[in-house]
Amino acid sequence: MTLRRTVKETWGTSRPATYTNINTHWWDLSQVYGSDEAVHTTLRSGVDGKMIVAADGLLPVGPDGLDVTGFNDNWWAGLSLMHNIWTKEHNLVCDMFKKSNPTWIDQEIFDHARLVTTALNAKIHTVEWTPALLADDILQTAMDANWYGIAPAWLRNIPDIFSQQIAEVWYGIVGGQPDFSGVAFAHSEEFVSVYRMHSLLRDNITIRSHVDGQYTANSYNISEYTFRGAQSVIRGNKFSDVVYTFGTDNPGALILGNYPAEMMSLNKPGAPYILDMAAVDVLRDRERGVPRYNKFRRLFSLIPAQTMDDISDDPASVAALRAIYGDDVESVDLLTGGLAESPRATGFAFSNTQFQAFILAASRRLMTDRFFTTDYTAEFYTQEGLDYISNSDFRAVIGRNVPELNASVYTVDNAFKPWVVPS
Ligand code: HEM
């Protein structure tokens with residue numbers, strides 16, 4: 001396989017190379033709004049703060065066959081679904097602000113709606129998506145603490161005399177002081193590496209009817225639901241059925257030997273070669289200097305593996321590792337070691353090794369953003385906006401944007417857990 005190198009930024013000879021992203025690193029929903037003024041202007045209707053949607057209420061489709069949105073690289077039906085929901089949600093928030101602030105112009109409504117929608121998205125990611133992937137009571141408490149803090153309501157008003165770290169836990173990160181830990185914010189390459197979760201993708205998506213939970217005849221393999229194919233899923237079915245299908249299906253397991261076969265011969269439009277994404281995932285980490293599994297563990301103060309048997313208690317996984325790396329435990333790649341690692345904490349979809357980088361970045365992306373810290377106030381969001389964020393979870397977002405699913409989405413306490421299908 002031929003593969004282009006990543007474009008490198010070098011900062012003098014003494015510092016490791018970095019790789020510049022073409023999108024903002026901030027948790028600013030730029031995937032929906034665009035990362036720069038030029039893109040996001042093309043996505044706005046110019047009326048009442050709203051984003052452009054087509055006559056059927058879904059995102060318009062561009063000449064390339066992809067949804068017109070902030071960022072549509074590596075497009076697939078799951079992303080189309082999410083971008084549609086969040087664009088709809090933005091427009092609903094605009095309706096709310098228009099009603100309570102009839103004199104606001106388009107820009108004022110847009111700015112406030114963007115802040116509220118973005119913070120709601122960040123909250124849902126923090127207290128719902130992460131704990132669904134890492135289904136553990138302590139983790140849920142920790143993620144809730146990130147957003148809300150641990151202080152009971154009646155003790156929240158005591159003067160803030162705490163150190164930064166204690167205040168972050170007591171009052172929550174959100175609404176507190178920013179904390180850069182002395183380093184400018186960017187997502188680390190290690191965070192990108194532990195997010196290489198292509199095994200979550202299903203080989204095949206079969207659409208279910210939300211009316212009776214039964215499968216329809218519409219079935220899509222990866223080559224059919226990716227890139228331009230996303231449209232056949234989204235517009236070839238009722239939107240409510242597509243959302244219902246994603247709500248009721250489990251994702252693929254993040255374990256060795258479960259890489260979706262079609263991702264290993266991915267035909268990305270415009271790419272001059274067929275991509276073996278499993279190889280690319282490993283190769284990119286090597287190219288960008290991300291430490292291998294054992295070194296990564298040492299750097300995170302975790303006990304390194306002495307032999308292959310220390311990585312996994314599953315004999316088949318150990319045999320698979322030995323087949324590739326022999327007994328050279330230091331050469332095991334981060335992704336491979338992470339997928340093989342067991343036992344795992346109960347409810348954890350991924351390994352403890354990945355978890356270390358994940359949890360650090362989960363807090364840091366909140367701590368470093370003024371809109372989640374000092375400026376998370378009624379002055380910027382309005383009290384109505386703050387209340388809207390507080391009172392919403394992803395079930396509410398789905399329920400108000402796809403009302404046909406109001407009953408189904410409330411069969412679970414977290415919309416990212418598989419919804420109950422009627423028997
Ligand atoms: C069918 C859906 C998907 C397609 C077609 C796809 C495709 C790709 C491609 C082509 C790349 C860039 C490869 C390169 O470095 O040259 C990539 C990178 C990546 N993908 Fe996916 N992907 C999909 C879904 C996902 C999912 C579900 C996740 C995680 C939940 C994910 C996480 C990542 C990460 C973390 C990277 C590395 C980004 C970077 O280097 O900055 N992808 N994907």
Side-chain angles (χ1 to χ4, degrees), residues 1-9 17-26 30-31 35 64-67 69 71-83 125 129-130 132-134 186-205 220-234 242 245-246 249-255 258-290 333-335 338-339 349-351 354-355 357-358 361-362 365 416:
M1 176 178 61
T2 311
L3 192 66
R4 291 196 194 106
R5 281 188 180 279
T6 315
V7 179
K8 207 187 254 188
E9 292 272 347
T18 54
Y19 303 90
T20 309
N21 205 334
I22 53 172
N23 292 297
T24 76
H25 285 228
W26 301 102
S30 50
Q31 68 273 36
S35 282
D64 55 2
L66 306 179
D67 302 51
T69 185
F71 182 71
N72 60 11
D73 206 14
N74 300 338
W75 200 240
W76 68 289
L79 285 180
S80 178
L81 177 157
M82 280 294 189
H83 283 232
H125 198 126
W129 153 250
T130 304
L133 211 59
L134 304 163
H187 282 309
S188 67
E189 201 59 50
E190 287 70 21
F191 186 46
V192 173
S193 300
V194 300
Y195 234 115
R196 292 185 181 280
M197 297 182 180
H198 291 115
S199 304
L200 287 176
L201 293 165
R202 295 184 62 111
D203 294 303
N204 176 279
I205 297 172
Y220 307 87
N221 293 333
I222 286 186
S223 55
E224 294 161 330
Y225 71 64
T226 47
F227 308 115
R228 290 185 200 102
Q231 276 309 310
S232 359
V233 181
I234 296 290
V242 179
T245 302
F246 276 79
D249 265 353
N250 274 297
L254 291 163
I255 50 171
N258 193 38
Y259 210 93
E262 286 194 24
M263 285 294 277
M264 291 192 262
S265 54
L266 187 69
N267 191 355
K268 184 176 169 172
Y273 32 69
I274 299 290
L275 291 166
D276 176 346
M277 279 302 302
V280 172
D281 275 335
V282 169
L283 196 73
R284 288 289 183 226
D285 281 356
R286 292 187 185 180
E287 179 198 8
R288 297 175 190 169
V290 174
D333 290 282
L334 176 63
L335 179 66
L339 291 173
F350 54 78
S351 68
Q354 288 162 287
F355 175 69
F358 199 87
R365 62 196 172 188
F416 294 104

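Scope of the values below: all heavy atoms of this structure, side chains included, with no hydrogens, waters or symmetry mates. One-based numbering, in listed order, for ligands and for the atoms of each.
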Counting heavy atoms under 4.0 Å, the part of L201 that contacts ligand 1 is side chain

- prompt: Hey, is the main chain of S30 close enough, under 3.5 Å, to the side chain of S35 for a donor-acceptor pair?
  reply: no

(Q) Tell me whether F227 reaches ligand 1 (any heavy atom closer than 4.0 angstrom to a ligand atom). (A) yes

Exercise. Quick check: does any side chain N or O of R284 sit under 3.5 Å from a backbone N or O of S193, one acting as donor and the other as acceptor?
Worked result: no

Residue, atom and distance of the protein heavy atom nearest atom 29 (C) of ligand 1 read Y195 O, 3.5 Å

Here the pair of heavy atoms bringing I234 nearest to L81 is CD1-N, 3.9 Å

Kindly say whether R4 contributes a backbone atom to a donor-acceptor pair with the side chain of Y273 at under 3.5 angstrom? yes

Mark the output for V192 as yes if a heavy-atom distance to ligand 1 is under 4.0 Å, and as no if none is.
yes

Atom 36 (C) of ligand 1: closest protein heavy atom, distance to 0.1 Å, is R196 NH1, 3.9 Å

shortest atom 40 (O) of ligand 1-to-protein heavy-atom contact is with R288 NH1, 2.7 Å

Numbered in order shown, the ligand 1 atoms found under 4.0 Å of a heavy atom of V280 are 13 (C), 14 (C), 15 (O), 16 (O)

Heavy-atom proximity to atom 2 (C) of ligand 1 ranks first, among Y225, Y19, W76, for W76

heavy-atom search around atom 31 (C) of ligand 1 in the protein gives H198 NE2, 3.5 Å

for atom 1 (C) of ligand 1, nearest protein heavy atom and its distance come out as T226 CG2, 3.2 Å

| task | Show your working on side chain to side chain contact (heavy atoms under 4.5 Å, CB included) between V194 and F355 and close with a plain yes or no. | result | CA-CA 8 Å; V194 300; F355 175 69; over 6 Å; no

of all protein heavy atoms, closest to atom 7 (C) of ligand 1 is N74 CG, 3.6 Å

Within 6.0 Å of CZ in R228, more than 12 heavy atoms from elsewhere | no

Donor-acceptor pair, distance only, cut-off 3.5 Å: does the side chain of E189 make one with the backbone of R288?
no

Backbone N/O of L66 and side chain of D64: donor-acceptor pair under 3.5 Å:
yes

Atom 4 (C) of ligand 1 sits nearest the protein heavy atom M263 CE, 3.7 Å

Numbered in order shown, the ligand 1 atoms found under 4.0 Å of a heavy atom of M277 are 8 (C), 9 (C), 10 (C), 11 (C), 13 (C), 17 (C), 43 (N)

The closest protein heavy-atom partner of atom 15 (O) of ligand 1 is R284 NE, 2.6 Å

Notebook entry, point to check: Strictly by modelled atom types, are D67 and S80 linked by a side-chain donor-acceptor pair under 3.5 Å?
Noted result: yes

